[in-house]
Structure formats: C-alpha cells, structure tokens
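Count residues from 1 along the sequence. Small disclaimer: the values here were computed from a predicted structure and weren't measured.
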Amino acid sequence: MFISQAFAQAPAPAAAPESFLGSLGSMLPLLLMFVVLYFVMIRPQMKRQKEHKAMIEALAKGDEVVTGGGMIGRVSKLGESYVHVEVANGVEIQLQRTAIVQVLPKGTFK
C-alpha cells in the first residue's frame with residue numbers, strides 16, 4: 001500500500017580490460033607537465049646554483065663584489081665560510097660567502 005514494487009536491475013555488461021595504451025594515455029598529460037616543469041624551472045635553477053657555487057669558490061683577495069644587500073666592496077680577507085669586504089677606506093664588513101651575488105670587473109669600485 002505505501003511501498004511501491006521494486007524491480008531487479010540487470011547486471012551491467014562486463015567492461016573490457018583497459019589496454020596498455022589507454023592507461024598510458026591517461027597518464028600522458030601528467031608526464032608531459034613534469035617534463036615541461038623540469039626544463040622550464042628545475043634545470044635552469046640547478047644551472048644558476050652551479051654557476052654561483054663556482055663563482056664563490058673562485059673568489060680571491062682584491063676581487064670587487066656586490067653583496068646580497070646591494071653593497072659594493074673589495075674582498076680583503078677570505079675565510080672558509082666568511083669573507084671580509086672593504087666597503088670604504090677603513091670600513092670592513094664580514095659576510096658569509098653565500099651573501100656575495102656578483103663579482104664585478106676590476107676598476108668598478110674606487
């Protein structure tokens with residue numbers, strides 16, 4: 001009276017197993033995004049890090065450098081992880097080597 005009749009449903013037809021190309025095709029956009037991300041972001045960043053490390057290791061006394069804060073000076077002493085930079089006559093600051101962002105051509109800092 002209050003309950004309507006229930007009818008049984010027919011089972012769904014058996015799905016064919018996905019082929020290898022079908023599963024690869026669904027993962028292809030994800031793989032393509034990773035490859036593009038690698039060549040656009042990751043690889044150039046690794047190259048910049050390698051160049052910066054080589055520049056830091058090649059520092060020598062008398063090099064004119066720019067610090068991360070924008071100060072220009074001349075390297076007066078080198079340590080294992082610190083460098084002393086003379087920014088004016090008689091004014092010397094101590095920095096970590098990684099704070100050096102650029103080595104300038106000779107004669108830039110007077």
Colleague: Walk me through whether Gln49 and His52 qualify under side chain to side chain contact (heavy atoms under 4.5 Å, CB included).
Modeller: CA-CA 5 Å; Gln49 284 177 341; His52 186 259; 5.8 Å; no

Colleague: I'd like to check the salt bridge (Lys or Arg N to Asp or Glu O under 4.0 Å) partners of Lys47; sequence neighbours left out, ordered by chain and number.
Modeller: none

Colleague: Quick one: do Met46 and Ile42 satisfy side chain to side chain contact (heavy atoms under 4.5 Å, CB included)? Show the steps, please.
Modeller: CA-CA 6 Å; Met46 289 171 46; Ile42 298 172; 3.8 Å; yes

Colleague: Looking at side-chain heavy atoms only, is the closest gap between Met71 and Val85 below 4.5 Å?
Modeller: no

Colleague: Ignoring hydrogens and angles, tell me if any N or O in the side chain of Arg97 forms a donor-acceptor pair with the backbone of Glu57 under 3.5 Å.
Modeller: no

Colleague: Please list, chain by chain and in numerical order, all residues satisfying side chain to side chain contact (heavy atoms under 4.5 Å, CB included) with Val91, sequence neighbours excluded.
Modeller: Val87, Ala88

Colleague: Find out if a path of hydrophobic residues (ILVMFWY) with successive side-chain heavy-atom gaps under 4.5 Å connects Leu104 to Val83.
Modeller: no

Colleague: Same cluster for Met41 and Val36 if Ile/Leu/Val/Met/Phe/Trp/Tyr side chains link at under 4.5 Å?
Modeller: yes

Colleague: Hey, any chance Ile72 and Val75 share a hydrophobic cluster, counting ILVMFWY side chains that come within less than 4.5 Å of each other, even indirectly?
Modeller: no

Colleague: Applying a strict under-4.5 Å side-chain criterion to I, L, V, M, F, W and Y, I'd like to know whether Leu95 and Val66 cluster together.
Modeller: no

Colleague: Can you tell me which residue pairs pass the side chain to side chain donor-acceptor pair (under 3.5 Å) test with a partner in residues 59-70, sequence neighbours excluded?
Modeller: Asp63-Lys106, Glu64-Arg74

Colleague: Are Tyr82 and Leu59 co-members of a hydrophobic cluster defined by side-chain heavy atoms under 4.5 Å apart?
Modeller: no

